[in-house]
Amino acid sequence: MKLLAAAAAGAAMLAAAAPAAAQRTAASPAAEPKISTMIIYGDDPCPPSTDDTIVVCARKPDAERYRIPEVLRGDPNDPKNQAWASRATALEYAGRSGIGSCSPVGSGGASGCFNQIVREARAERSADPSVNWNALIEQARRERLGRIDEAAEAEEADAKADEAANPR
């Protein structure tokens, strides 16, 4: 009986280990290329991408080259430049009450403060007129994939032409 139980336990351990071993031996997909983002000014050329790195450039006018960055030019006393600690303190006294409401009233009232701060930060960031790196990266990826597809189509056309010229 003990032998049968030991065999069953050994079989269960092997069955549990099999998926992990299969995952280790499966070929992993090619790694995503690195992305390098930079701001270029005037007519300066954007460095070319390499096989393992995609270079994404945001072009700004040449007059901006030696200026203080736009995010640092504004009024430091502007309410949008207020510290997050001050905003969080102000949020303690606002609006709703109860769980997930960011309120000092009721049980679990403070549980929604972080979510409210995150929502406000995202809204502020989306209203920021500066460079949208995500859109530029996506555009560079589409251009790169388009060049790869064009090269593949050209190579396929060459292969079909060779095949037509040299029938077997």
ask   = How many angstroms lie between CZ in R142 and CD in E138, if you round to the nearest 0.5 Å?
value = 5.0 Å

ask   = Are D44 and R59 close enough, and set up right, to give a salt bridge (charged side-chain N to carboxylate O under 4.0 Å, His left out), and what steps lead you there?
value = CA-CA 9 Å; D44 294 349; R59 187 170 300 277; over 6 Å; no

ask   = Is the count of non-hydrogen atoms from other residues, nucleotides or ligands lying under 6.0 Å from L145 atom CG greater than 12?
value = yes

note = Closest heavy-atom pair, R65 versus Y41, reported as atoms and distance to 0.1 Å, is NH2-O, 3.3 Å

query = Taking it one step at a time, do E153 and E156 satisfy side chain to side chain contact (heavy atoms under 4.5 Å, CB included)?
reply = CA-CA 5 Å; E153 289 173 4; E156 186 175 339; 5.6 Å; no

note = Closest non-hydrogen atoms of K60 and I39, given as atom of the first, atom of the second and distance, are CG-CG2, 3.6 Å

From CA spacing to verdict: side chain to side chain contact (heavy atoms under 4.5 Å, CB included), I35, R141 = CA-CA 10 Å; I35 297 173; R141 281 187 175 146; 3.2 Å; yes

message = Under 4.5 Å between side-chain heavy atoms, counting indirect links through other Ile/Leu/Val/Met/Phe/Trp/Tyr residues: same cluster for I40 and I137 or not?
response = no

request  = Check the pair C46 / V55 against side chain to side chain contact (heavy atoms under 4.5 Å, CB included), numbers first and verdict last.
outcome  = CA-CA 8 Å; C46 183; V55 178; 3.9 Å; yes

inquiry  = In the structure I gave you, are the side-chain heavy atoms of P47 and C57 within less than 4.5 Å of one another anywhere?
reply    = yes

task = Following the transitive rule for hydrophobic clusters with a side-chain heavy-atom cut-off under 4.5 Å over Ile, Leu, Val, Met, Phe, Trp and Tyr, establish whether M38 and I54 coincide in one cluster.
result = no

task = Using the salt bridge (charged side-chain N to carboxylate O under 4.0 Å, His left out) rule, collect all pairs that involve residues 33-43, keeping only residues at least two apart or in two chains.
result = none

